[in-house]
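Following: one structure in structure tokens, then a few remarks.
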Amino acid sequence: MIIAIDGPASSGKGTLARKLALHYGLPHLDTGSLYRSVARRLLREGADLHDVGAAESAARSLTPADLSDPALRDEKTGEAASVVSAMPGVRAALLDYQRTFARQPGGAVLDGRDVGTVICPEADAKLFVTAAAPVRARRRADELKARGEPADEGRILEDIEARDRRDAERPVAPLRPAADAHLLDTSNLSIEAAFAAAIAVIESAVHQSAAERPPEKPAGP
Ligand code: C5P
């Protein structure tokens, strides 16, 4: 079973995807970490973030060490990721890895921006997770404070809105729900309530696709 979870920054899609992966015993890929790794490499090397050649070459040569860099979750890296992720060559370089991950035997849970639209249009269940921008800014600020880091909620809100705009307006794989995605607005939902709603959507999508499958022919003599 392939479960695609898309949505904007700090919508809660990552937490939801991890919980669903645990629940169904499926491997999970946070596809944002790939774009963050590309951006992080450029920042570390002091390269220009808009240098398409450098970004594409970083995307083609990511290593497990890049993917486990603790600085990946920084605000600055998230911002930079939304710059490199608009480059078609960067997206193309990361496509096969994501598709292969999704199509492994048994399936997987992937979260990102274009999982249901580009990476896995054939996913068994698609969720588009949203929340109002001020709610997302508050969640992000709480997360930073819990880690003992400074958090200016007003500035975080501006960054979130700028990132939403950049992700939604880029010509390649823009942030938008797949036509067959179920919208889940978590603005007023706890993590547990969002999880329960997601399970209900997935169970119903799976039953529906089983019902639509042509019946198996009985084994003949
Ligand atoms: O989800 P996360 O905040 O880690 O993503 C960082 C950035 O990577 C996003 O703002 C977006 O620009 C980009 N991204 C993307 N496509 C994905 C996942 C992330 O363009 N599938």
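Start at 1 and go down the list; that is how both ligands and their atoms are numbered. Please read these numbers as outputs of a predicted model, since none were measured by experiment.
In N188, the CG atom is not crowded: 12 or fewer heavy atoms of neighbouring residues, nucleotides or ligands sit closer than 6.0 Å. The neighbour count for L67 CG, taken as heavy atoms of other residues, nucleotides or ligands under 6.0 Å away, is above 12.
Checked against a 3.5 angstrom limit, the closest N/O atoms of D111 and ligand 1 fall outside it. Checked against a 3.5 angstrom limit, the closest N/O atoms of D30 and ligand 1 fall outside it. For a threshold of 3.5 Å applied to N or O pairs, the pair formed by S33 and ligand 1 contains no separation below that value. Any N or O atom pair closer than 3.5 Å counts here, and Q98 shares no such pair with ligand 1. Residue-to-ligand polar distances place D114 within reach of ligand 1: an N/O pair is separated by less than 3.5 Å.
Which parts of ligand 1 touch K13 is read off a 4.0 Å heavy-atom cut-off, strictly below it: atoms 1 (O). When each atom of ligand 1 is checked for a heavy atom of G112 under 4.0 Å away, the hits are 18 (C), 21 (N). Applying the 4.0 Å criterion to heavy atoms of G32 picks out, from ligand 1, the atoms 4 (O), 5 (O), 18 (C), 19 (C). Atoms of ligand 1 lying under 4.0 Å from any heavy atom of S85, numbered from 1 in the order shown and given with element: 11 (C), 12 (O), 13 (C), 20 (O). When each atom of ligand 1 is checked for a heavy atom of A81 under 4.0 Å away, the hits are 6 (C), 7 (C), 8 (O). In summary, the atoms of ligand 1 found under 4.0 Å from a heavy atom of D167, numbered by their order in the structure, are 9 (C), 10 (O), 11 (C), 12 (O).
Proximity of R36 to ligand 1, defined as any heavy-atom pair under 4.0 Å, is confined to the side chain (atoms from C-beta onward). At a heavy-atom cutoff of 4.0 Å, ligand 1 is contacted by both the backbone and the side chain of S82. Contacts of R73 with ligand 1, taken as heavy-atom pairs under 4.0 Å, involve the side chain alone. Under 4.0 Å from ligand 1, the heavy atoms of R170 that appear belong solely to its side chain.
Residue pairs meeting the salt bridge (Lys or Arg N to Asp or Glu O under 4.0 Å) criterion with at least one partner in residues 121-132, sequence neighbours excluded, are R103-E122, K126-D180.
Side-chain atoms of L144 and P150, non-hydrogen and from C-beta on, never get closer than 4.5 Å to each other. Inter-residue side-chain proximity for P174 and D167 is flagged as unmet; no heavy-atom pair is nearer than 4.5 Å. With contacts defined as side-chain heavy-atom distances shorter than 4.5 Å, the pair F128/T130 qualifies. Two residues are said to be in side-chain contact when any heavy atoms from C-beta on lie closer than 4.5 Å; Y24 and I199 meet this criterion.
Looking from atom 18 (C) of ligand 1 to the surrounding protein, the closest heavy atom is T31 OG1, 3.4 Å. For atom 8 (O) of ligand 1, the closest non-hydrogen atom of the protein is Y35 CB, 3.6 Å.
With L16 as reference, L184 is the one residue of I3, T186, V109, L184 to meet the side-chain contact (heavy atoms from CB on, under 4.5 Å) rule.
The option with the heavy atom closest to atom 10 (O) of ligand 1, from among R91, E75, R163, is R163. Looking at R166, R140, R113, it is R113 that brings a heavy atom closest to atom 15 (C) of ligand 1.
Distance check: M87 CE to R170 CZ gives 12.0 Å after rounding to the nearest 0.5 Å.
Under the salt bridge (Lys or Arg N to Asp or Glu O under 4.0 Å) criterion, R36 pairs with no residue at all, not counting sequence neighbours.
Comment: D159 does not engage R140 in a salt bridge, judged by the lack of any side-chain N to carboxylate O separation of less than 4.0 angstrom.
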V129 vs D6, test: side chain to side chain contact (heavy atoms under 4.5 Å, CB included). Steps then yes/no.
CA-CA 6 Å; V129 183; D6 289 305; over 6 Å; no
